[in-house]
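These values consider heavy atoms only, across backbone and side chains, with no hydrogens, waters or symmetry-generated copies.
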Amino acid sequence: MTAYANFPGSRPRRLRTTPTMRRMVAETRLDPANLILPAFVREGIDAPVAISAMPGVHQHTLDTLRKAAVEAVSAGVSGIMLFGVPEDGKKDARGTVGTDPDGILQVALRAVREEVGDELVVMSDLCLDEFTDHGHCGVLDADGRVDNDATLERYAEMAQVQADAGAHVVGPSGMMDGQVGVIRDALDQTGHEDVSILAYTVKYSSAFYGPFREAVGSSLTGDRKTYQQDPANARESLRELALDLAEGADMVMVKPAGPYLDILAKVAESVDVPVAAYQISGEYAMIEAAAEKGWIDRDKAILESLTGIRRAGAQMILTYWATEAAQWLGHGRG
């Protein structure tokens with residue numbers, strides 16, 4: 001025993017002895033300010049509509065959206081990302097309602113800015129998929145493929161109307177080549193130099209988007225594999241990153257978050273702009289479903305998943321638990 005009296009000499013467990021000790025030496029801190037709330041607002045409803053695949057998440061009316069924004073401010077959440085859900089009869093091949101100043105997303109942007117001003121960073125999804133009758137993120141050509149350059153023209157129009165409606169930040173999510181540069185030019189040429197671009201730089205064609213399709217009333221048939229990234233590829237993400245930065249992206253995003261933490265870490269190590277990650281609908285649904293069955297501790301799983309995303313390098317996390325998690329963190333449960 002004498003020979004081993006000092007074994008082991010290094011005991012990492014000394015720094016895990018109490019909750020206060022663990023908190024003091026924590027390398028990663030999750031704060032309400034890291035969180036952004038994605039929210040859906042639906043035209044033509046007079047009460048919130050539950051999204052069956054996302055327990056606890058709803059398609060909002062304008063009134064309940066306003067309340068959700070106020071709750072997010074009170075919890076210390078930094079931002080809200082708005083998605084518009086128009087009436088089906090207003091969808092067309094070009095997503096015209098997406099660039100109508102009186103379209104549901106623009107109306108929602110004005111309502112939220114009127115309610116909270118600059119207390120939340122108000123963000124808007126800049127994409128056509130919610131507004132097209134075919135459900136794709138762009139304009140289709142004669143062969144039914146998404147026409148990249150024709151779509152860019154529509155994105156330029158969307159950027160202007162969203163900025164006019166009060167968006168602090170636009171989030172181009174369609175993965176069209178050149179989208180950031182075209183949007184930056186459109187904003188600058190219409191007097192919106194201060195509106196930021198959160199580029200969906202890395203957006204994979206993922207099976208985890210399923211519940212989101214219900215949330216936005218998607219009309220999509222088929223898939224988006226010709227413009228969203230192949231989950232097998234990593235280097236391609238860094239190429240997309242370089243292009244978006246060269247075109248003027250103010251912030252960049254990785255989506256989904258959980259299955260792509262390796263990509264998130266690579267991106268975070270490569271840039272000097274803020275990095276976001278989107279914890280998407282399928283990630284949300286899995287935790288909620290497992291918790292409902294009693295297989296995991298819901299609250300602990302939520303915080304662990306968010307901490308993992310933060311640890312991988314995200315300064316901002318879009319999550320449907322933003323307000324709830326921020327409330328916990330504000331009361332010391334983080």
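Between the side chain of Q315 and the main chain of V275, a donor-acceptor pair closer than 3.5 Å is present. A donor-acceptor pair under 3.5 Å links the side-chain atoms of R154 to the main chain of G95, judged by distance alone. For the pair D125 (side chain) and F83 (backbone), a donor-acceptor distance under 3.5 Å is absent. Using modelled atom types, one side-chain atom of D230 and one backbone atom of A232 make a donor-acceptor pair closer than 3.5 Å. In this structure, E247 contributes its side chain and G181 its backbone to a donor-acceptor pair below 3.5 Å. Using a distance-only test at 3.5 Å, with no hydrogens or angles considered, no donor-acceptor pair links the side chain of Y155 to the main chain of V180.
The CD1 atom of I197 lies 8.5 Å from the CG atom of L126; values are rounded to the nearest 0.5 Å.
Here E114 pairs with R66 in a salt bridge; the nearest charged N to carboxylate O distance falls below 4.0 Å. For E236 and R239, the salt-bridge test fails: no basic side-chain N is under 4.0 Å from an acidic carboxylate O. A salt bridge links D102 with R110: the distance from a Lys NZ or Arg NE/NH1/NH2 to an Asp or Glu carboxylate oxygen falls below 4.0 Å.
A heavy-atom distance below 4.5 Å is found between the side chains of L82 and L65. Side-chain contact check for E283 versus S305: every heavy-atom pair is 4.5 Å or farther apart. W328 is not listed as a side-chain neighbour of W321, based on a closest heavy-atom distance of 4.5 Å or more. Looking at P274 and M316, their side chains come closer than 4.5 Å, going by heavy atoms from C-beta outward.
Partner of P86 under the side-chain contact (heavy atoms from CB on, under 4.5 Å) criterion, out of D100, V97, L105: V97 alone. The side-chain contact (heavy atoms from CB on, under 4.5 Å) test with R42 singles out one residue from E87, H58, Q59, H60, and that residue is Q59.
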